[in-house]
Q: 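Structure provided below as structure tokens; questions to follow.
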Protein chains: 2
Amino acid sequence: MDPSTEEKIKEAARRLFMQQGFEGTKTRDIAKEAGINLALMNYYFRSKQNLFDIIMLEHMESFVKGIAVGFNDTSTSFDEKIRFYANAYIDLLTLQPDLPLFIMTALRSNPALITERLGVKKMLMTSHFMQQYTEAVAAKRFAPIPPMHFVMNLFGLTVFPFIARPFFQAMSNITTDQFNAMMQERKQQIPHWVHAMLEVRP
Amino acid sequence: MDPSTEEKIKEAARRLFMQQGFEGTKTRDIAKEAGINLALMNYYFRSKQNLFDIIMLEHMESFVKGIAVGFNDTSTSFDEKIRFYANAYIDLLTLQPDLPLFIMTALRSNPALITERLGVKKMLMTSHFMQQYTEAVAAKRFAPIPPMHFVMNLFGLTVFPFIARPFFQAMSNITTDQFNAMMQERKQQIPHWVHAMLEVRP
DNA sequence: GTCTATAGGGGGATAGAC
DNA sequence: GTCTATCCCCCTATAGAC
């Protein structure tokens, strides 16, 4: 069955907002892309800003909760969680490569979004994964990487290539397919790299 | 002596474009921020787009050439270049934290910019630094990290925290000063982390 | 629910005086 | 070089017919 008109508008808006940002996207473009009339957008969503906020929140939830669930699974080990994270995120970003840049841009102009509407702090820094991290490094004889640096490294190794993809593709003349193949390689490597960093003495 | 009118306009435009993007910045805002009249902007720069392009290219040059020079210094070792890079870039990004997001956003809508106007490929992938990398890993008994992954990791560890700063500050409730202090710590750690990753067997 | 038509304002750019 | 005033397009949002 055909998607509802409301859903067609949201799909078009998702695509356009993600590629061109809030100011760069015109309501006329959304209507045309959705194959409907301009007035219908306001009928369903009242205003462009409201439509953007709805889409933004949905994206942030998929972005944040995608990790949160796996990170709080008490049945998996620390290493398993790292493998899970790398796999899940690289798959997510391969399908939606513009997601990180979109979210970070929106967060810069409205940092309160992530604190108010999503319990990011609770979901990540106090997660079962971070508890396991603390236990893992406590067993070592030397002071470990502070948790925040560890999280920055793990996320950076995973997300940054997607954010800087135009830069890397220009550097190496690779196609998007080849880029995606490289990201598949990273699924295997990131757990090893993270593990090696944990052995570094400060 | 006072900055020239032309320079005042560029300074205002740099600030606003960096914070709010091309579409989000209004010519009237630039004029007000520069303390001059709207018409003067067109007198000096002909159009908003032209002004943006000029500023964009200057930023990309500082961003890319900042590395290129150090990476092609034949008098420094591989390890020294990594230390130099981490220091120089973290200092640059501490002063201009919005620079990476600004450049990546502009590159997404116009990827040709970086290939046409700047010889990125030559400057980085064929640099003296990458030659030293190849030599360093050739001495090992096992297949090394492919050069492209190595570059992604090095840049990701350095640049990503600045891109995702709103996210990390929300996660940990740290102030901007505390965030900057953390980035100073990374200057020391990044060379160690990179070194540890090079020892990983695939 | 879906359309056409249009109100109403903001935006980039320019004309022309000084 | 610098200003004021203004053109004219395009954008968001709404009125009102069907």
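Note on naming: letters A, B, ... go to the chains in the order of the sequence lines (proteins, then strands), and numbering restarts at 1 for each one.
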Q: Going by atom type alone, with no hydrogens or angles, which donor-acceptor pairs under 3.5 Å involve a side-chain atom of residues 195-202 of chain B and a protein atom two or more places apart or on another chain?
A:
| from | atom 1 | to | atom 2 | distance (Å) |
| --- | --- | --- | --- | --- |
| B:E199 | OE2 | B:K140 | NZ | 2.9 |
| B:R201 | NH1 | B:E199 | O | 3.4 |

Q: Heavy atoms within less than 4.0 Å of DNA chain C: which residues of residues 3-20 of chain B have one? Give them sorted by number.
A: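 Correct list: empty, so none.
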Q: Between D:dT4 atom C1' and B:K32 atom NZ, what is the distance in whole Å?
A: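 My rounded result for the distance is 17 Å.
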Q: Determine all donor-acceptor pairs shorter than 3.5 Å in which one atom belongs to a side chain in residues 157-169 of chain A; sequence neighbours excluded.
A:
| from | atom 1 | to | atom 2 | distance (Å) |
| --- | --- | --- | --- | --- |
| A:T158 | OG1 | A:L154 | O | 2.8 |
| A:Q169 | NE2 | A:I174 | O | 3.1 |

Q: Rounded to whole Å, please give me the gap between CG in A:L40 and C1' in D:dG16.
A: 14 Å
Q: Flag this pair as yes if the NZ/CZ of B:K81 is under 6.0 angstrom from the six-membered ring centre of B:F71 and inside a 45 degree cone about the axis; otherwise no.
A: no
Q: Please round to the nearest 0.5 Å and tell me the distance separating atom CG of A:N87 and atom CD1 of A:I190.
A: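 Atom-to-atom, A:N87:CG and A:I190:CD1 are 9.5 Å apart.
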Q: Between A:F102 and A:F17, is the ring centre distance below 6.0 Å?
A: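 No.
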Q: Tell me which pairs pass side-chain hydrogen bond (donor to acceptor under 3.5 Å, both in side chains) where either residue lies in residues 184-193 of chain B, with sequence neighbours left out.
A: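 Output for this query lists A:H149-B:E185, A:H149-B:R186, A:N153-B:R186, B:D91-B:K187, B:Q184-B:K187.
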Q: I need a per-nucleotide contact map over nucleotides 4-15 of chain C, read 5' to 3'. Cutoff is protein heavy atoms under 4.0 Å; write B for the base, S for backbone only, - otherwise.
A: B------BBBBB
Q: Using whole Å, what does the distance between atom P of nucleotide D:dT4 and atom CD1 of B:I36 come to?
A: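 My rounded result for the distance is 11 Å.
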Q: Under 3.5 Å, is there a donor-acceptor pair linking the side chains of B:S77 and B:D79?
A: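 Judged by distance alone, the side chains do not pair up.
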Q: Quick one: which residue pairs count as a side-chain hydrogen bond (donor to acceptor under 3.5 Å, both in side chains) with a foot in residues 98-110 of chain A, not counting sequence neighbours?
A: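 Residue pairs passing side-chain hydrogen bond (donor to acceptor under 3.5 Å, both in side chains), neighbours aside: none found.
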